[in-house]
Structure formats: structure tokens, C-alpha cells
Amino acid sequence: MSALCLNVSSVYSLSEEGYVSEGSPVLLYIDRRRSYLVRAVEGEVLHTHKGVIDLGSLVGKRYGEYVESHRGERFWILKPLIYDLITSFRRKTQVIYAKDMGLILVYAGIGPGSLVVEGGTGSGFLTAILAYHVRPSGRVYSYEIREEFLKLAKRNLESVGLLEYVELKNKDITEGIDEVGVDVVVLDLATPWKAVPHAHRSLRGGGVFVSFSPTIEQVVKTSEALSQYGFIDVWTIEVLVREYKVKKGETRPEMRMVGHTGYITFARKILD
Ligand SMILES: C[S@@+](CC[C@H](N)C(=O)[O-])C[C@H]1O[C@@H](n2cnc3c(N)ncnc32)[C@H](O)[C@@H]1O
């Protein structure tokens with residue numbers, strides 16, 4: 001999928017009524033493995049191995065229709081989902097996968113209006129999903145020690161119109177969290193246990209602590225720190241997702257899957 005600057009506010013504009021307008025983002029879908037994230041612009045074309053698509057011809061079409069390349073190959077016109085947009089982000093760090101982001105959102109109860117502290121920002125994948133879900137009245141305060149990653153995350157968030165819901169901070173989250181009374185603190189960094197005392201201070205009563213870690217050693221140290229600070233409901237999961245090939249007489253799990261990303265630890269803060 002090609003990298004592209006899009007604006008999420010236009011992606012989710014209700015006024016479009018399902019029609020592609022000039023400048024609209026479009027996901028041109030061939031099959032599960034082949035799709036192109038493009039913008040509908042007069043005078044521009046997309047070259048693919050299935051032929052050339054006139055991107056101006058997308059204007060006025062309805063999402064769900066198709067367009068044909070000059071070779072007569074069919075491309076379905078889909079409205080990009082937020083995850084389609086995020087997968088076009090430039091990345092310089094390991095990023096959080098959809099399977100893990102989904103359960104973080106659900107088990108942390110993140111939704112419109114939530115106040116969320118995040119550390120570290122990395123490439124901004126999780127930041128973007130958090131920002132998308134806390135809109136319009138919530139906010140994400142995201143801490144990152146490396147300025148180069150913060151700059152990259154800023155560009156990525158700007159490209160999808162989500163920067164206005166995020167405060168990016170070039171700070172070490174293990175040295176302190178400025179915000180107090182937040183609903184969720186979510187960490188994806190090497191030493192999460194060092195941020196536990198600050199998370200405890202920052203969270204409101206009942207607020208949710210979340211930490212994503214690739215190794216069990218990190219999980220154990222973090223869980224011990226959580227118990228030491230009086231957090232309750234400390235629990236850890238691993239999310240395994242297996243896609244299926246569904247075809248008459250051949251239905252079975254796909255041969256390949258993502259073997260390991262990390263473990264997610266959750267906990268709730270209680271008042272003394
Ligand atoms: C694995 S990346 C995070 C990726 C991010 N969740 C995403 O989806 O794009 C970890 C990031 O944490 C940052 N980091 C490490 N220790 C930190 C700390 N003490 N405070 C703030 N950021 C930190 C690193 O510089 C790195 O960018």
C-alpha cells in the first residue's frame with residue numbers, strides 16, 4: 001500500500017453521502033493481498049501490475065462501486081478505514097499491531113472524552129488509534145524521549161488529521177507525568193515498571209493502567225511494581241489471531257500467522 005497524505009476529517013465527513021469527491025481518499029481493492037491507498041484527483045494516474053487507473057475517474061463514484069484499469073481489470077472503490085490510513089504511516093520503531101490495539105481499547109474502556117497518557121510515542125501508530133477513539137472531546141498526552149521519533153509521529157498524525165487531539169511531549173515518562181486525574185495510562189516502552197509510581201499519581205481513582213511488553217521478564221517486573229503501589233485487578237494477556245482460508249472443501253487455518261508481538265498487562269488504581 002502506498003504512503004500518502006490524507007486528512008481523516010474528510011475521510012469521515014458525513015456530508016460526502018457515500019460519493020467520492022475531488023481529493024477524497026480511496027482504497028482501491030483488488031483482493032486481500034493487493035490494495036492501493038490513493039486520492040481521487042483529476043489528472044493523476046496510478047500505475048499497477050493490473051494496468052493504469054485514472055484517479056480523476058473516481059470522482060463522483062460511490063464507495064462500493066468499481067473502476068476498471070486500461071486493461072479492463074476491476075478495482076473496488078472502498079472508503080479507507082482508520083487502520084488502512086495508519087498502515088500507510090512511515091515507521092522507524094516497532095509498532096503495535098491491530099490485534100493488541102483492539103483489546104487495549106476495550107479493556108481500558110477508551111472512548112470519546114477519555115483522557116489518556118501514553119509512553120512512548122514511537123512512530124505514533126497507537127497514538128493515532130487512541131486519538132481517533134477519544135475524539136472529539138478527549139485528549140492523548142504522549143511522551144517520547146527521542147526527538148526524531150516525536151517528529152515522525154507528528155508528521156504521521158498530521159497526515160490523517162489527528163494531531164489536534166494529541167499533545168506530544170519530548171519527555172522521559174519514567175521521570176514523571178505532568179497530568180493528573182487521567183482515565184488511562186498506556187505504556188509501550190522497555191522499562192514500564194519505572195513509570196508505575198508516576199502512573200499511580202496520574203490516574204484517577206479506578207483509572208486503568210496498561211502496559212504492552214514483548215518479554216515476560218518485563219511483565220513480571222511491572223506486575224510486581226503494580227502490586228507494590230496498591231493497584232488491583234492486575235492481569236496479563238497475550239492475543240493470538242489466526243486467519244482462516246475459507247473455500248469449499250478446503251477450509252482450514254492459514255499456514256502463516258503472527259507468532260509473537262507481546263503481552264498486555266492491565267491494572268486498576270484504587271484510592272487509599
Ligand atoms: C516500541 S516503541 C513504541 C511504538 C508505538 N507504540 C507505536 O505503535 O508506534 C517504544 C518507544 O518508547 C520510547 N521510550 C523508551 N523509553 C522511554 C521513556 N522512558 N519515556 C518516553 N519514551 C520512551 C522509545 O524511544 C520508542 O520510541
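Both counts, for ligands and for their atoms, begin at 1 and track the order of listing.
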- Step by step, work out the side chain to side chain donor-acceptor pair (under 3.5 Å) result for T127 and E118. CA-CA 7 Å; T127 322; E118 181 195 24; 2.7 Å; yes
- Query: Salt-bridged, E254 to R242, with N to O below 4.0 Å?
  - Reply: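 No.
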- Item | Note: K79-D84 ion pair, threshold 4.0 Å (strictly below) |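 D84 and K79: not salt-bridged.
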Dump all N/O pairs between ligand 1 and the protein below 3.5 Å as a table: atom names plus distance, one pair per row.
from     : atom 1 : to   : atom 2 : distance (Å)
ligand 1 : 6 (N)  : D188 : OD2    : 2.8
ligand 1 : 8 (O)  : I96  : N      : 3.2
ligand 1 : 8 (O)  : L126 : N      : 3.2
ligand 1 : 9 (O)  : S123 : N      : 3.2
ligand 1 : 9 (O)  : G124 : N      : 3.2
ligand 1 : 9 (O)  : F125 : N      : 3.2
ligand 1 : 19 (N) : D172 : OD1    : 2.7
ligand 1 : 20 (N) : I173 : N      : 3.0
ligand 1 : 22 (N) : I145 : N      : 3.3
ligand 1 : 25 (O) : E144 : OE2    : 2.6
ligand 1 : 27 (O) : E144 : OE1    : 2.7
ligand 1 : 27 (O) : E144 : OE2    : 3.2

- Could you list the residues that satisfy side-chain hydrogen bond (donor to acceptor under 3.5 Å, both in side chains) with R204, not counting sequence neighbours?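 D183.
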- Query: Of all residues at least two apart in sequence or in a different chain, which pass the side-chain hydrogen bond (donor to acceptor under 3.5 Å, both in side chains) check with T261?
  - Reply: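 Counting only residues at least two positions away or on another chain, T261 forms a side-chain hydrogen bond (donor to acceptor under 3.5 Å, both in side chains) with K99, D100.
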Enumerate donor-acceptor pairs with a distance under 3.5 Å from any side-chain N or O in residues 144-153 to protein atoms, sequence neighbours excluded.
from : atom 1 : to   : atom 2 : distance (Å)
E144 : OE1    : T121 : N      : 3.2
E144 : OE1    : G122 : N      : 2.9
E144 : OE2    : R146 : N      : 2.9
R146 : NE     : E148 : OE2    : 3.1
R146 : NH2    : E148 : OE1    : 3.4
R146 : NH2    : E148 : OE2    : 2.9

